[in-house]
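Data first, discussion second: the structure below is written as structure tokens.
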Amino acid sequence: TELSKIRNFSIVAHIDHGKSTLADRLIQQTGTVKERDMQEQLLDSMDIERERGITIKANTVRIEYPANDGDTYVLNLIDTPGHVDFAYEVSRSMQAVEGSLLVVDASQGVEAQTLANVYQAIDADHEIVPVLNKVDLPAADCDRVAEQIEDVIGIDATDALQISAKTGIGIPDVLEAIVERLPAPEGDRDAPLKAMLVDSYYDAYLGVVVIIRVIDGVIKKGDRIKMLGTGGKYPVDRLGVFRPKMEDIGELGPGEIGFLTASIKQVRDTRVGDTITHEKKGTEDALDGFKPAQPVVFCGLFPVDSAQFEDLRDSIEKLALNDASFSFEMETSAALGFGFRCGFLGLLHLEVIRDRIEREYDIDLITTAPSVIYHVFMKDGSMIELHNPADMPDPSTIDHMEEPRIKATILVPDEYLGDVLKLCQDRRGIQEDLTYAGTRAMAVYDLPLNEVVFDFYDRLKSVTKGYASFDYQMTGYREDNLVKMSVLVNDEPVDALSTMVHRDRAEMRGRAMCEKLKDLIPRHMFKIPIQAAIGGKVIARETLSALRKDVTAKCYGGDATRKKKLLEKQKAGKKKMRQFGKVEIPQQAFINALKMD
Ligand code: GDP
Ligand code: MG
């Protein structure tokens, strides 16, 4: 295809503002998919993505569009994930295209992920077309939202398109705007092959599928290629494009986006951002290297039934084949036996992997407290990266510790601002900025990542009735007074419940955790002390009283619902228990004990 007849773009939006719906509509309008094959959210392929309504992996699609000027254009859309955990994937796919459609829900306005994603597009020098979506809703206020885009983001929104991805209003205008307002790619057909590895995934039938953007030169089926970063050399087995189903193609030239397969064994052999060239007469000029996404949140995954350990290993290895950002190593725990210490990009990533193991492989899991990576500076001058509170060295050998911090941006309607500021304060946040755009406030906080990884997002949603939006980026490490808090149940330490906490908050956290556990652990025939301790010193304590034969005996006569509740609680608890010394602890207790109210 001629360069002037190609347009490459992505759609950036806050979650739920209609990115996937718009992508579907563009595909449908151009007849890329026959009407009868059309199903909602074509690009969100994984079940879990559909259920949660989130896009995890970037997907691409090639659309052919006969424009009003009489020429047919090839439009390549790269769909990017919208969630903070996957910010890195957004940034890399942005490098492969020249423009972005900025979709903003006209009934909601600009949100935190709108900002984060559009800044990535601006960083990548994109031409940006603002699109106001959901104009069919009575609450849509295009003038206000256009003004907000200008005020908050600082881009011209006078020519913002007004559309409804749902009803189809304005879709032809979007296609025309892509052709007219976005630049064509540049590239040299006669130069040595230079292509960017944009993404890769594992397919059970095809092996590793690599998504590429050709910059210079031409790639053909059968060519022998080389990856400059990894040094890997492969013959191209298959070359094609997504429409959105895979379709073979003879060659891909400058500006084009497509896929190749080349008997690559695992996703780990492909490095996103790597330069692909020909093995002979290739370019030596590599693209600016991308750094691989680093896991920032770690937790232990253990099978509830220890007989399922090998199944768990199998499932984790399979998932890792298709997700290079997910790391794992074996871990043994005194209380939980054999399992894996796993690293994730963030909490959503953790949840997605955990859900997939439980669902697709049918393994019940115990998830231990998520932890960030602490830098432990030892008195002997060395530094240890601590991924697991269980590995904490003897405090007397430690000089000081540092923890990772983030810059969090929160957008929220005025009336909830007070609650948001309190939440940030409670989580040891330091306010950096507070501004207003219309009736919305934007608060920027410097926060410790460890205060955010567990339930910050849930809490934020609940104190703002879902109206706040949140985004963050890592900023660096800072020294603080951190200690390891252990939990003892019936005088036995349960390492899966150990957490790193700030010294000033340890008592409060310890008390809250003991109280929670008292409710979460069913009563036994003997009384059970539950304690939180720092080193050898107990800082909080609760006692779970002993059970009489009949649990309902203490509910006198009339209170039938209470009786029923107790019995249900006992039954539910029985289902997924784990034995610790003489005490049985339900699986749910491990996660719930850590939630703060
Ligand atoms: P994404 O998270 O940005 O991909 O958003 P989706 O495309 O999944 O859309 C989120 C929700 O908004 C879905 O329930 C859509 O049906 C709905 N939606 C998308 N576009 C429109 C629109 O133009 N009008 C209305 N009323 N709803 C829309
Ligand atoms: Mg989506």
Side-chain angles (χ1 to χ4, degrees), residues 299-309 331-339 358 363-369 389-390 454 484-499 501 506-597:
C299 79
L301 297 180
F302 293 85
V304 168
D305 175 359
S306 55
Q308 283 196 308
F309 173 73
E331 178 180 13
T332 43
S333 147
L336 298 174
F338 292 110
E358 294 206 320
I363 301 170
D364 286 331
L365 290 174
I366 292 174
T367 313
T368 66
F454 198 69
K484 173 182 161 182
M485 184 171 82
S486 330
V487 171
L488 295 92
V489 175
N490 204 27
D491 299 319
E492 303 243 13
V494 180
D495 52 3
L497 289 170
S498 308
T499 48
V501 291
E507 270 82 11
M508 193 199 73
R509 291 286 301 272
R511 261 198 311 278
M513 209 145 138
C514 290
E515 276 168 26
K516 279 259 172 75
L517 284 169
K518 188 181 167 187
D519 286 339
L520 291 164
I521 300 175
R523 297 204 284 158
H524 286 56
M525 302 305 289
F526 45 92
K527 90 174 176 225
I528 303 172
I530 301 168
Q531 297 159 306
I534 296 172
K537 184 168 167 267
V538 172
I539 54 167
R541 178 192 175 98
E542 291 282 336
T543 306
L544 184 61
S545 54
L547 180 70
R548 274 169 269 170
K549 268 272 149 50
D550 176 6
V551 263
T552 60
K554 70 175 176 145
C555 312
Y556 2 91
D559 196 350
T561 51
R562 169 128 193 242
K563 206 179 243 178
K564 212 171 124 214
K565 259 199 191 145
L566 254 173
L567 284 171
E568 272 168 11
K569 192 170 150 196
Q570 209 188 27
K571 222 167 74 192
K574 267 275 173 286
K575 275 205 308 227
K576 293 173 180 175
M577 297 276 220
R578 187 83 198 203
Q579 194 81 29
F580 290 88
K582 286 158 61 191
V583 181
E584 286 190 318
I585 304 182
Q587 181 195 14
Q588 267 311 312
F590 291 91
I591 280 293
N592 289 338
L594 297 155
K595 292 203 171 142
M596 291 173 271
D597 301 305

* Asked: Do you know which two heavy atoms are closest between E358 and L365, and how far apart they sit?
  -> OE2-N, 2.9 Å

* Asked: Do you know which two heavy atoms are closest between G300 and T368, and how far apart they sit?
  -> N-OG1, 2.8 Å

* To do: Given side chain to side chain contact (heavy atoms under 4.5 Å, CB included), test R523 with S545 step by step and report yes or no.
  => CA-CA 7 Å; R523 297 204 284 158; S545 54; 3.1 Å; yes

* Asked: Which pair of non-hydrogen atoms, one from M485 and one from G510, has the smallest distance, and what is that distance?
  -> SD-CA, 3.6 Å

* How long is the span from the NZ atom in K582 to the CG atom in N490, to the nearest 0.5 Å? -> 5.5 Å

* List the steps and the verdict of side chain to side chain contact (heavy atoms under 4.5 Å, CB included) for V494 and L488. => CA-CA 6 Å; V494 180; L488 295 92; over 6 Å; no

* For side chain to side chain contact (heavy atoms under 4.5 Å, CB included), just list the numbers for L517 and E542, CA-CA rounded to whole Å, side-chain angles, deciding distance to a tenth of an Å, and then say yes or no. => CA-CA 9 Å; L517 284 169; E542 291 282 336; over 6 Å; no

* Structure fact -> For A369 and C299, the nearest pair of non-hydrogen atoms, with its separation, is O-CB, 4.1 Å

* **Minimum heavy-atom distance between T543 and K518, given as atom pair plus value** => O-CE, 3.4 Å

* **Pairwise distance CG(L544) to NE2(H524) - rounded to 0.5 angstrom** => 8.0 Å

* Can you find a heavy atom in the side chain of P529 that is under 4.5 Å from one in the side chain of R541? -> yes

* Straight-line distance of T332 OG1 to F302 CZ, nearest 0.5 Å -> 7.5 Å

* Q531 CD to D491 CG distance, which is reported to the nearest 0.5 Å -> 5.5 Å

* Step by step, work out the side chain to side chain contact (heavy atoms under 4.5 Å, CB included) result for V489 and I528. => CA-CA 7 Å; V489 175; I528 303 172; 3.9 Å; yes

* Drop me the distance from E507's CD to I539's CD1, to the nearest 0.5 angstrom. => 5.0 Å

* Structure fact -> Nearest heavy-atom approach of F338 to P303 is O-CD, 3.4 Å

* Asked: In Å and rounded to the nearest 0.5 Å, what is the NZ to CD1 distance from K516 to I530?
  -> 13.0 Å

* Asked: With side chains defined as the heavy atoms from C-beta onward, is the minimum distance between S498 and K484 less than 4.5 Å?
  -> yes

